[in-house]
Amino acid sequence: MSDRQGRWRLLLAVGLGGVAGGLARVVIGASVGTVLPGWVVLALVNVLGSFAIGVAVGRGGRWAHRSVTTGVLGGFTTFSGWALDVVGFAGSAPLLAMLLLLAVPVACLGACVGGLALAGR
Amino acid sequence: MSAAALVAGVCVCLGAGVGSILRALVMDGVASRGLVGGTAWVNVPASFVAGLAAQLAAGLGPVPAAGAPGVGFVLVAAVLGTCGGLSTYSTLALDAGQALLDARHGDLVVPGVGVLLGLTAAVGGLGCAVLLRALL
């Protein structure tokens, strides 16, 4: 297989992984979104995805394949959705916006570090 | 499930796939050129476009509870879905987490600035949409 073919196959794998990650985000949103507000669901998704990437990269091997890290977990989490939540609440609920601004990045960082540590990095 | 919810869900899934491919291409290009910034190269533009699309969507009016959503709704859903896929929180957390564990505390500045720039970009997108709607 040429480098070009290999690159296209990798991009396809990343894309399919992204679809899977997006689907997981939709399923979680649809199932938990009836009892929790959307911003809570999105924050939980981002924290869970950050933990999972820590575990995946920490374990290495096929778990750290780009279809998983860049694809599935990259597609599962979203920065732009979180940014819209923060900005959206800035006017109507500034304390909530501040909470999202400070708590979510810290929680995601902590979750990722926890995942890396759990995987024995 | 309403048609609008189904369309939104499909757009999130497909957008995540397309966005992930774009993200891989951008990050590879950034890495090959030795540029700093990490995930900011995707999070900032994605947040700007998402802010723009979200504010423009507000001008489309409420989504009908029944029946097929309009073309405008589908376009906005597709754009927001792609922005969701293009941007990433997990890789951002990974960059910062590895820097923290490696005691490369100076390398935490880049993700931190990236977060602030991303939020600023979202505000910028919202503002540009307001301007566009006023002008058009």
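Quick note on labels: first sequence line is chain A, next is B, and so on, each numbered from 1.
Across every non-hydrogen atom of B:Ile21 and A:Val14, the tightest pair is N-CG1, 4.2 Å. In plain terms, the two heavy atoms of B:Gly118 and A:Ala83 that are nearest each other are O-CB, 4.4 Å. Pairing each heavy atom of A:Thr70 with each of B:Arg23, the nearest pair is O-NH1, 2.7 Å. Contact between B:Ala93 and A:Leu109 at its shortest, heavy atoms only, is O-CD1, 4.1 Å. Residues B:Gly97 and A:Leu116 come closest through the heavy atom pair C-CD1, 4.3 Å. The two residues A:Phe79 and B:Ser87 come nearest to each other via the heavy atoms N-OG, 3.1 Å.
For the pair B:Gln98 and A:Val57, the minimum side-chain heavy-atom distance is below 4.5 Å. Taking 4.5 Å as the limit, some side-chain heavy atom of B:Val115 sits within range of a side-chain heavy atom of A:Trp82. Proximity of B:Thr91 to A:Thr77: side-chain heavy atoms (C-beta onward) are nowhere separated by under 4.5 Å.
Across A:Gly74, A:Cys112, A:Gly75, the residue that shares the most heavy-atom pairs under 4.5 angstrom with chain B is A:Gly74. Of the listed residues B:Ala8, B:Ala122, B:Ala96, B:Ala24, the one with more heavy-atom pairs under 4.5 angstrom with chain A than any other is B:Ala24. Ranked by heavy-atom pairs under 4.5 Å with chain B, the first of A:Ser80, A:Ala52, A:Gly54, A:Gly22 is A:Ser80. For the set B:Gly85, B:Cys13, B:Ala46, the count of heavy-atom pairs under 4.5 angstrom toward chain A peaks at B:Cys13. Between chain B and the options A:Gly49, A:Cys108, A:Gly21, A:Ala30, heavy-atom pairs under 4.5 Å are most frequent for A:Cys108. Among B:Val44, B:Val12, B:Asn43, the residue with the largest count of heavy-atom pairs under 4.5 Å with chain A is B:Asn43. Ranked by heavy-atom pairs under 4.5 Å with chain B, the list A:Gly15, A:Ala13, A:Gly71 is led by A:Gly15.
Follow the hydrophobic side-chain contacts under 4.5 Å out from A:Val47 and you never reach A:Leu36; the two are in separate clusters. The same ILVMFWY cluster, assembled from side-chain heavy atoms under 4.5 Å apart, contains both A:Val40 and A:Val86. No path of Ile, Leu, Val, Met, Phe, Trp and Tyr side chains, each step under 4.5 Å between heavy atoms, connects A:Val27 with A:Val45, placing them in separate hydrophobic clusters. Under the 4.5 Å side-chain contact rule for hydrophobic residues, A:Phe89 and B:Tyr89 share a cluster. Using a 4.5 Å cut-off between side-chain heavy atoms of Ile, Leu, Val, Met, Phe, Trp and Tyr, with links allowed through other members, A:Leu73 and B:Trp41 fall into different hydrophobic clusters.
With a 4.5 angstrom heavy-atom cutoff, B:Leu22 does not touch chain A via any of its atoms. With a 4.5 angstrom heavy-atom cutoff, B:Ala54 touches chain A only via side-chain atoms. With a threshold of 4.5 angstrom between heavy atoms, B:Leu92 approaches chain A through side-chain atoms but not through N, CA, C or O. With a 4.5 angstrom heavy-atom cutoff, A:Leu10 does not touch chain B via any of its atoms. At a 4.5 Å heavy-atom cutoff, the contact between A:Leu23 and chain B is made by backbone and side-chain atoms alike. Only the side chain of B:Leu100 has a heavy atom closer than 4.5 Å to any heavy atom of chain A.
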Self-check item: side-chain contact (heavy atoms from CB on, under 4.5 Å) evaluation trace for B:Asp28 with A:Arg7
Solution: CA-CA 11 Å; B:Asp28 285 350; A:Arg7 180 155 173 74; 3.1 Å; yes

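The OG atom of B:Ser20 sits 10.0 Å away from the CG atom of A:Leu16 when rounded to the nearest 0.5 Å.
Results of the side-chain contact (heavy atoms from CB on, under 4.5 Å) test with B:Ser90 over A:Thr78, A:Val72, A:Ile53 single out A:Ile53 as the only residue that passes.
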